[in-house]
Amino acid sequence: HDGSYGLRNYPHFDPLDLANQARGNELFTDLLEEPAACAALLERAAGAIEDCERHVRGLLAPYAIPPVVGGVHVPGGTYLSCDAGDLVGPRTLERYGWPQTRGLCERLGSAFLHHHELGIGNCALWSRTPGLRCQTLMRDPNTRHFEEEVEGTLLDASRRVPIQFITDAPHFLRLAGHWAQ
């Protein structure tokens, strides 16, 4: 490598997603039946993600390449994906997944979080994460879409941490006046 370019791989999951990769869908029953073991697994996952991120940053530092994922620059931060968090409710996420992700954001500086509309009920919790710069929601079948749900606590959450979502111009324009109030 002559330093003329750098490649940034899809960095990693957030701790709950990494734990889901390790345990499969058994993780969700483990949360109820083995909470202490799950807490330990999530701490270990957070440590592994932090080590990976610091390693990647160290590799890129000599080339002055900032973290960029999918065209999004996250100053001093990283990209985290938490699909598994959308399969649990806010109380379970707050107890198990969120503390480790919150800690990562605090230690690493900032983050950009990918998750899905299935977890729209978790947006308010995610918006309380120090250093979280953006949530991006992917569409899911058979769920109400974000623009149809933006009001109350979800609207407040989007004002604390911007929420990026997929829509089309007619839906956006029809509802934009409502959001501005």
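Just so it is clear, the structure is predicted and the values come from calculations on it, not from any experiment.
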- [ ] Can you see which heavy atom on H115 is nearest to which on C82, and at what distance?
- [x] CB-O, 3.6 Å
Open item on the list: Tell me the closest heavy-atom pair linking N122 and G89, and the distance in Å.
Closed with: OD1-C, 3.5 Å
Task: Value rounded to 0.5 Å, distance of CD1 in I163 from CD1 in I120 - done: 7.5 Å
Open item on the list: Determine whether a donor-acceptor pair (N or O, by modelled atom type, separation under 3.5 Å) exists between the side chain of Y96 and the backbone of C38.
Closed with: no
Task: CH2-CG distance between W126 and D14, expressed to the nearest 0.5 angstrom - done: 5.0 Å
TODO: Measure the shortest side-chain to side-chain distance between V161 and T129 over non-hydrogen atoms and say whether it is less than 4.5 angstrom.
DONE: no
Open item on the list: If I take atom CG from residue L137 and atom CG from residue D86, how far apart are they, to the nearest 0.5 angstrom?
Closed with: 7.5 Å
Open item on the list: For a 4.5 angstrom cut-off between non-hydrogen side-chain atoms, does H114 reach D83?
Closed with: yes
Task: Beyond-backbone contact of L113 with T136, side-chain heavy atoms, under 4.5 angstrom - done: no
Open item on the list: With a 4.5 Å cut-off on side-chain heavy-atom distances among I, L, V, M, F, W and Y, is there a chain of contacts connecting M138 to L93?
Closed with: no
Open item on the list: Are L108 and E50 packed together at the side-chain level, in the sense that at least one heavy-atom pair is separated by less than 4.5 angstrom?
Closed with: yes
Task: Donor-acceptor pair between H116 and D140 side chains, under 3.5 angstrom - done: yes
Open item on the list: Give me the atom names and distance for the closest heavy-atom approach of L18 to A48.
Closed with: CD2-CB, 4.4 Å
TODO: Taking all non-hydrogen atoms of both residues into account, name the closest pair between I166 and R139 and its distance.
DONE: O-NH2, 2.9 Å
Open item on the list: Hydrophobic clustering (ILVMFWY, side-chain heavy atoms < 4.5 Å, transitive) - are L41 and L32 grouped together?
Closed with: no
Open item on the list: Any side-chain to backbone donor/acceptor pair from Q135 onto C123? Under 3.5 Å, distance only.
Closed with: yes
Open item on the list: What I'd like to find out is whether the side chain of R54 reaches to under 4.5 Å of the side chain of R107, using heavy atoms alone.
Closed with: yes
- [ ] Would you confirm whether T101, through its side chain, and W98, through its main-chain N or O, come within 3.5 Å as a donor-acceptor pair?
- [x] no
Task: Student check: side-chain heavy atoms of L80 and L132 closer than 4.5 Å - done: no
Task: Smallest separation among heavy atoms of A46 and L104, with atom names - done: O-CD2, 3.6 Å
Task: Backbone of D30 reached by a side-chain donor or acceptor of R23 within 3.5 Å - done: no
Open item on the list: I want to check something: taking the side chain as every heavy atom from C-beta on, are R95 and T92 in contact at a cut-off of under 4.5 Å?
Closed with: no
Task: Salt-bridge contact R128-E94 (side-chain N to carboxylate O under 4.0 Å) - done: yes
Task: Shortest non-hydrogen separation from G97 to L42 and the atoms involved - done: N-CD1, 4.5 Å
